[in-house]
Chemist: 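Input: one structure, supplied below.
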Amino acid sequence: MNFEGAAPHYPIGRRPYPNEFAAALRDELGLDGTGRLLDVGCGPGSLTTLLAPLFAAAVGVDPDAGMIAEAARRAPEIEWHVLRGEDLPAGLGTFRVVTFAQSFHWMDQPLVAARVRGMLEPGGAWVHVGGNTHRGVAGDDELPWPRPPWDAIDDLVRSYLGPRGATRAGEEDVMRAAGYRGPVRLTPWPGEVVERSADELVSAVYSLSSSTPPRFGERRAAFESDLRGRLAEASPAGRFAERMGPPDLIVWRP
């Protein structure tokens, strides 16, 4: 996993987690402003900052220094560390809740699952947030603007960088083997139609580890010109709409 150069594009290219996430976790876990939160693979702190008010203290860790710098700029009151999940517990102590937002699949899953289990307080919980925040779901329902041409965008990225790596599966088996109970699945947010600009979609592409700006090297300007050309063909007005899919909150207990 390498997100070098992606941090500035997260706030632009990725949709924020909705407030319903915080309310659903508060109700499911009985959060009352006590205890500590650990967000592993926190990126620029999108989920950390949303959930932090539900705890007495919050900690975010990510292996990318650029992500942590962006997170610290946005929320200096939170404790941030440049740290891999595999390096836990790293003297951070114990936590009421540990969250993974679209990050666990990048890690040595059995190792991280075992180490985090030892960091959870009695009655604590592991929360996995699944789903995409950089792009919506396919569909043919009528929207106020054209949908982003994601198939054409994916083809263009492959033409510059080659095939992308496959996402690993089997996370539930890993969690059960590590001694976790569950899961309890929550879907607190049905999704919504959002309007997006060409600039937002360019940043969405650059926010992915498989297509961060440094990966294009000297060809970045050519790629971005081609990308904006594809977007202009799909919507000459430069406006797009898409329906964001309903992400999941998956709760495990040790």
Side-chain angles (χ1 to χ4, degrees), residues 1 3 17 20-43 45-64 67-68 78-133 165-189 209 246-254:
M1 174 182 62
F3 281 89
Y17 293 106
E20 288 86 347
F21 269 36
L25 280 182
R26 179 198 63 212
D27 295 344
E28 175 66 24
L29 303 179
L31 302 177
D32 56 3
T34 64
R36 302 170 73 216
L37 166 71
L38 174 63
D39 189 13
V40 183
C42 64
S46 305
L47 183 65
T48 331
T49 53
L50 176 67
L51 299 181
L54 301 176
F55 299 85
V59 179
V61 302
D62 194 278
D64 186 83
M67 291 290 190
I68 291 298
I78 292 176
E79 181 181 336
W80 307 102
H81 296 278
V82 178
L83 192 70
R84 297 166 65 245
E86 291 83 353
D87 295 329
L88 295 171
L92 295 179
T94 58
F95 296 87
R96 186 172 182 180
V97 174
V98 178
T99 54
F100 292 76
Q102 305 177 62
S103 61
F104 186 50
H105 61 280
W106 295 112
M107 302 174 190
D108 181 334
Q109 295 174 352
L111 176 64
V112 173
R115 291 188 174 179
V116 168
R117 188 167 183 261
M119 299 174 71
L120 285 168
E121 298 175 353
W126 165 307
V127 177
H128 179 189
V129 179
N132 289 326
T133 54
T167 299
R168 287 180 287 174
E171 293 178 7
E172 289 196 8
D173 293 336
V174 170
M175 296 297 289
R176 292 192 176 96
Y180 291 84
R181 296 175 290 110
V184 173
R185 298 180 181 275
L186 310 174
T187 305
W189 183 54
S209 66
D248 291 327
L249 289 174
I250 303 172
V251 178
W252 295 88
R253 295 184 181 272

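Keep in mind that what you see is a predicted model, and the values were worked out from it rather than measured.
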Chemist: Quick check against the 3.5 Å criterion: does Arg176 have a side-chain atom that pairs as donor or acceptor with the backbone of Arg181?
Modeler: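 No: the side chain of Arg176 does not pair with the backbone of Arg181.
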Chemist: Just so I know, are the side chains of Val61 and Leu92 near enough to count as touching, which here means a heavy-atom distance under 4.5 Å?
Modeler: yes
Chemist: Side chain of Thr48, backbone of Val59: donor and acceptor closer than 3.5 Å?
Modeler: no
Chemist: Can you find a side-chain donor-acceptor pair between Arg96 and Thr34 that sits under 3.5 Å?
Modeler: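 Note: Arg96 and Thr34 side chains meet the donor-acceptor criterion.
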Chemist: Over all heavy atoms of both residues, which pair between Pro63 and Val82 is shortest? Give the atoms and the distance, please.
Modeler: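 Looking at all heavy atoms of both residues, the closest pair is O-CG1, 3.6 Å.
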Chemist: With the side chain counted from C-beta on, respond yes when Thr49 and Ile78 share a heavy-atom pair under 4.5 Å apart, and no when they do not.
Modeler: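 They are in contact (side-chain heavy atoms under 4.5 Å apart), so the answer is yes.
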Chemist: Would the distance check show the side chain of Tyr17 and the main-chain N or O of Leu51 forming a donor-acceptor pair, the cut-off being under 3.5 Å?
Modeler: no
Chemist: For a quick test of reading the model, state the closest non-hydrogen atom pair linking Ala114 to Ala178 and the distance between them.
Modeler: N-CB, 4.4 Å
Chemist: If you measure from the Lys or Arg side-chain nitrogens to the Asp or Glu carboxylate oxygens, is any gap between Arg115 and Asp108 under 4.0 Å?
Modeler: no
Chemist: Locate the shortest heavy-atom distance separating Met107 from Val112; write the atom from each residue and the value.
Modeler: CB-CG2, 3.9 Å
Chemist: Atom OG in Ser103, atom CG in Asp62: separation rounded to 0.5 Å?
Modeler: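 Taking OG in Ser103 and CG in Asp62, the distance rounds to 8.0 Å.
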Chemist: Hey, could you give me the CG/CD distance between Leu25 and Glu20, rounded to the nearest 0.5 Å?
Modeler: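 That separation rounds to 12.0 Å.
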Chemist: Considering all heavy atoms of both residues, which atom of Ile68 and which atom of Cys42 are nearest to each other, and what is their separation?
Modeler: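 What the structure gives for the nearest pair is CD1-SG, 3.8 Å.
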Chemist: Is there a side-chain contact between Leu38 and Thr99 in this structure, where contact means two heavy atoms from C-beta onward sitting under 4.5 Å apart?
Modeler: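 No, their side chains stay 4.5 Å or more apart.
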Chemist: Enter the distance from Glu171:CD to His105:NE2 here, rounded to the nearest 0.5 Å.
Modeler: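 So the CD of Glu171 and the NE2 of His105 are separated by 7.5 Å.
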Chemist: Can you spot which of Trp252, Trp106, Trp126 makes a ring-ring contact (aromatic ring centres under 6.0 Å, His included) with Phe100?
Modeler: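 Exactly one option meets the ring-ring contact (aromatic ring centres under 6.0 Å, His included) with Phe100, and it is Trp126.
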Chemist: Over all heavy atoms of both residues, which pair between Tyr180 and Val116 is shortest? Give the atoms and the distance, please.
Modeler: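 Closest heavy-atom pair between Tyr180 and Val116: OH-C, 3.7 Å.
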Chemist: Say you draw a straight line from CD of Gln102 to OG1 of Thr133; how long is it, rounded to the nearest 0.5 Å?
Modeler: 4.5 Å
Chemist: Once ring-ring contact (aromatic ring centres under 6.0 Å, His included) is applied, do any residues pair with Phe95, and if so which ones, sequence neighbours excluded?
Modeler: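 By the ring-ring contact (aromatic ring centres under 6.0 Å, His included) rule, Phe95 matches no residue at all.
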Chemist: Do Arg253 side-chain atoms and Gly123 backbone N/O form a donor-acceptor pair below 3.5 Å?
Modeler: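 Yes, because the side chain of Arg253 sits within donor-acceptor range (under 3.5 Å) of the backbone of Gly123.
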Chemist: Ignoring hydrogens, what is the shortest heavy-atom contact between Leu47 and Ala101? Give both atom names and the distance.
Modeler: CD2-CB, 3.7 Å
Chemist: Show your working on side-chain contact (heavy atoms from CB on, under 4.5 Å) between Leu54 and Leu37 and close with a plain yes or no.
Modeler: CA-CA 9 Å; Leu54 301 176; Leu37 166 71; over 6 Å; no
Chemist: Should Leu29 and Val127 count as side-chain neighbours, where that means a heavy-atom distance under 4.5 Å?
Modeler: yes
Chemist: Any heavy-atom pair between the side chains of Leu31 and Val97 that's under 4.5 Å?
Modeler: yes
